Every structure is written in structure tokens, then in C-alpha cells.
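The structure displayed is predicted, hence computed values, not measured ones.
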Amino acid sequence: MAGKVIIDGNEAVGRGALLAGCKHFFGYPITPQNEIAEFFSRELPKIGGVYLQSEGETAAGFMLFGGTLAGARCMTATSSPGFSLMQEAISHMAVTEVPAVIVDVMRLGPGAGTTQQGQTDYRQATKGGGHGAYRSIVLAPYSVQEILDFTQWAFYLAEKYRILVIILTDFILGRMSELVDPKPLNFDHLPEKDWALVGKGKKGGKSKQILSGLMAPGGIPGYFSHQIEKYNRIAETETKYETCLTDDAELLLVAYGSSARSSQDAVDMAREKGIKVGLLRPITLWPFPQKAVKELGARIGNILVVEDSPGELVEDVQASAGDSARVSLLNILARHNPGPQGLIFPERILKEVKSLL
Amino acid sequence: MTKKEITKEVVCEPPRTRLQSIPIMNCPGCHYGIIIRMICEVIEELGIEDRTIGLGGGGCTGFWTMYFDLDMYGGVHGPGLAIATAIKRVHPDSIVFAAQGDGEMGAIGLGYFMAATLRGEKITTIFLNNACFGTTGGQMAPTTLLGMRTTTTTQGRDPKITGFPFHGAELAASMKGTAYSARMSVHTPANRQKAKKALKTAFEKQIAGVGFSIVEFLSACPVNWHLGPKECLDFIENQMIAEYPLGEFKNVDYIEHLSDG
């Protein structure tokens, strides 16, 4: 128990960021991420940092871009409509390769949608919402402890590869409280930020000019070959997932984030009844654990994707599994209640599992 | 006929903060070259080149990134003042300037501009007013004069359809967080002297931590105005200044609750 605290997922973002040395936060209020902004507005002035409430999410995105361009560890947090507004800035971050971190606490649906639970931004986060064929690393925690840890990990990955890292949580993960160990994580040595705009006096008089266009040496092929090489390296090195009870499984559940929590419960309930079900939980949504899905899919032959969405994750699962496994989907229509409070309960998942075996 | 011997003598070196590896790529008769040199001279005279971070915008000022031997970023159209805000907040000891075009101040970037002045950001804005969208081929801008023909107002700008010209310097002067706001022109030597003084004052306000500072430059766009360089000077003198009067609109040394010290 020593040193452990009970906090919600949104506060875990803040605590994780402070442990990672993040001193600047630019953001705009939106439900259900407000506790993150409130945490930073309270804590950053104490350590000589900056909390700046912007004039909107487009500005917050560009402020994050500017602060990161200037070499500082900074971040923003938002929720789905705000994340849409940040896509322009994200595209500029991609071409300039600045190592920014954004938390997207998803809420449901297009437009204003609801302010409550949903997982309807998988495709936007993983396939990029902005223009220009770029990639961002997408981390999908499923507990408050993971939110705290992954926020630290996000800064490391961002700076290691000079890439945007998106932490994709949702209403449930952001607002639920759990016992966590707020410990700092240690990562490898990171490269110097010799590209950052800090004023040439701090760099021995050598100035740096950065353009938001394809100005890499080698022209257009130079730019894209560098990006392809980088994305391949990330996919080879950083793809992360977790499996549970897959060795003897006759059916494989695939789910991420809050749906993975329900799925985990469904696995436990099924095992008590002697039903052989396992779980594969992608932790990096991009890079997606294609190989693991393919291998487990081929061995088990029967996959059920559970997601609180009409069906987005299922597309990556189908593409990875190919013809080697039957892929079924339990989607948002399986919620227990037609209102915005609806959820896919473990009992409903178990019922679906039984019908597939 | 005796050949007259030509002797070459350097009478004026280029500013050391003007990167010589890249030629100025603006059209003949464009005033950006004059303004770029002016920025270099002011930064050198103030001794701030080691801690200056500059931003170009989208369009023609995007290329400004490559002209300065300073830490520079450019190429995005609109949010320059949001980016400048963050750089200044992250490095309060730096001097941050942003070169912004007509759309960046009066259209797509108007919100960022107003918000930066509302917050009294201690940054210096260089607003290039050439009454059109230059890079994209001469479309109407917020600053286009009434009756002026552009590729999107071929019968002349009609305020019933597109409203009235945008007065950035006056607007900035009306904001509490603004320390300095002026509109200048570089179309005559006398005006160039005044403009340089104004630009220097704008940077000095930032150095002293007083508040937001802005200099709006009237600037010729011969290609899109369909005028020769000399005719452009006349157009500025007779048409542009009639709509956009020159001068200082605000100049204060202290803003309560905002200024340093």
C-alpha cells in the first residue's frame, strides 16, 4: 500500500506527465477530460510550468506544436470533437516530426455526440484524421495504473522516434478511480533535441530553419523513404499487446481499452463455467499487433471482437487474420440500455461467446 | 574613346542575420525584401539575435523561414500567433516574432490574433498588408480595397457581398494587452526610416516585457495588382494610405497587471 493512491484516470494522466517531466499544458475545456486540465492548472504553476487555456482546440493543437517545436516537454488533452479540431496541427506535427503527446478521452458519436462513454474514434486515432499519409503511435491503456504509466511511456516514445503519441482513453477510463502506484518509470537515454528552436545562442550560434513542407534532403522520395523506414522500425520494435488464457482457448476475444475490461470479466466468468475463452488486448493500436492476431487467429480459428463502436477495430482484426479465422463482432448495438449510459456488459459478451461455440 | 576604369567598393554589407545561401524569391517590385532586411537590421542593432525565434506564415512569408540566420519556423497558414504564444511561454527569455499575411491576420487567423492580443502575449507581430492573397494568385483578402479587382472580385470588391477592409493595426490598438501598434509603409525612403523606427520600438516593447506589439506594413504586390513597381508606389501613396492611414495607434510603456517589473 505504501505510496499508493486512489485517483481517477484523468488525474493519472496529470500525475504521469509530471513524473515524465512535462511542465507545459495547453488546452481547452471539454467533457469528459476536464479533470486533466484542472489538474495541470493547479499543479504546473507550483513547478514553474505553464498551464495555458487556449481559445479553442485548434489553438491548443498549435500551441502544443509550438511548445514542442521549442524543445519543451508539453502536452494537451481533449475529447473527440476537440481531437477533430486538432487534426490540422497534428498534420503539421507529423511533417516537422515534433515529439508531441495528446490524450484523447473519447466520448461517443460524431458531431457533438454525447459527453459520455464510447469507443467511436478508433479509426480516427489509428488511421490519422489529418492529411498527408502520416502515422501516430496510439496507446490504449485499460486501467488507471496503465494511464499513469503509459503517459510516461508516451513521452519516451515520442522523443525516441520524433513522432506524435496519442493516448486513447474514454469516459469510463477517465472517470473511474483505482488504486495506483504513482512511481516514476525509467527509460533508455534519449537523443539530444538538436533540432529544437531555442534561439541560436544556446546552440553555439548555429541557427535552425524548419519548414512545414516536404523539405528533406532527397526531395519527395527522401521524405517518404525516411517516414516509411521510421514507421517500419516502430512497428518492429514497439508493437505491444497482452494475452490472457489463450493457450487452450477455443475462442479468442479481441478488445482494447474499457471494452477489454468487460472482456476480461467475460473471460473469467466463462472459465468458471469451463468455457475455454482467451483474450488478446492490443496495447498499441498503431502499430497494430497484426502478427499476434494472425497467429492466434490461425491456431484458434474463432475470433470475437468486442468494441463500443459500430465496428472499427474489427477491420484491423479482419485484415490481420485474413482467411485463417472466423471473425465475429459484438458492437455498440449490444449495449444494455439505449441511452448514453449504455454499456456492453460482461454477461452480454458471455452470451455471445456461448452462441459462437 | 578611353575606357573609364570601374572600381568596385563595398559600401554596405548585407546584414549578418540574413542567410546568404538563399536568394530572396519574391517577385520583382515586392516590398518583402526591404522589410526582411529591416528586420535583420533591427534585430542586430538590438543585440537579440542569439535569443530570437522567428516565424513565417503560410504563403509568401513561409519562405521567410529560410532567409534568416535565426531559429525559424514557417509554412503553416493561420495559427502563427498561437505557435508564437507557446514558444514565448516555454522560453520567456526568448524574443519571438511572427510575420503574418492578410489572411493570417484578418481571416483564417483573426481568432488567433485577437486571442493573442486579449492575453497580451509578449510577442512581436509583423503584419504584411498587400491587399490580396499573393501566393495563391491574387484573390480577395480581408484587406482588399473597396472596388479593387481581384481574381475573386472581378467586378471590384463590393462591401454588400464581402464587407469592409480589415484594419489590423487599429484593432490591435483597441486591445488592453497591446503595448505598441503602428501602420507603416516602405514605399519611400522617408517612410522606410519611420518604419524601421517603429519596428525597433515594437521589439523594444517585447524586450521590456510590456505587452503585445505589432507593426502593419503596407506592401506592394505588383504581379497581383497588375501594376509596375513604380505604379505600385503611386498606388500605395494614393489608394492604400487613403484607406489605411500610417502612424502609431498605441504606444505605452506599462500595462497594469500585465507588464514585467
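- B:Thr124 and B:Gln206 are linked by a side-chain donor-acceptor pair at a separation below 3.5 angstrom, with hydrogens and angles left out of the test.
- The pair A:Glu229-A:Arg233 counts as a salt bridge, with a side-chain nitrogen and a carboxylate oxygen less than 4.0 angstrom apart.
- Contacts between B:Leu19 and chain A at a heavy-atom distance below 4.5 Å involve the side chain alone, from C-beta outward.
- Counting heavy-atom pairs under 4.5 Å between each of A:Val50, A:Val198, A:Leu69 and chain B puts A:Val198 at the top.
- For chain A, the nearby part of B:Thr52 is the backbone; its heavy atoms alone come within less than 4.5 Å.
- Here B:Arg89 pairs with B:Glu121 in a salt bridge; the nearest charged N to carboxylate O distance falls below 4.0 Å.
- Rounded to the nearest 0.5 Å, atoms CG (A:Leu18) and CG (A:Leu148) are 9.5 Å apart.
- Both the backbone and the side chain of A:Leu211 come within contact range of chain B, judged by heavy atoms closer than 4.5 Å.
- Using a 30° and 60° split on the angle between ring planes, A:Phe25 and A:Phe40 fall in the parallel class, below 30°.
- The residue among A:Gly61, A:Cys74, A:Ala70 with the most heavy atom pairs within less than 4.5 Å of chain B is A:Ala70.
- Annotation: maximal heavy-atom pairing with chain B below 4.5 Å, among A:Lys200, A:His92, A:Met63, occurs at A:Lys200.
- Among the residues in residues 154-168 of chain A, none has a non-hydrogen atom closer than 4.5 angstrom to a non-hydrogen atom of chain B.
- Residue with the most contacts toward chain B among A:Ala196, A:Gly213, A:Gly67: A:Gly67 (heavy-atom pairs, distance under 4.5 Å).
- Contact annotation for A:Thr68: neither backbone nor side-chain heavy atoms come within less than 4.5 Å of a heavy atom of chain B.
- A salt bridge links B:Glu170 to B:Arg183: one of the charged nitrogens lies within less than 4.0 Å of a carboxylate oxygen.
- A parallel orientation is assigned to the rings of A:His24 and A:Phe26, their planes being inclined by less than 30° (bins at 30° and 60°).
- Neither the backbone nor the side chain of B:Phe63 comes within contact range of chain A; no heavy atoms are under 4.5 Å apart.
- By the 4.0 Å N-to-carboxylate-O rule, B:Glu204 lies too far from B:Lys200 to be salt-bridged with it.
- With a threshold of 4.5 angstrom between heavy atoms, A:Lys206 approaches chain B through N, CA, C or O but not through any side-chain atom.
- For A:Lys202 and B:Asp71, the salt-bridge test fails: no basic side-chain N is under 4.0 Å from an acidic carboxylate O.
- Counted by atom type alone, B:Tyr73 and A:Ser212 present one or more donor-acceptor pairs between their side chains at under 3.5 Å.
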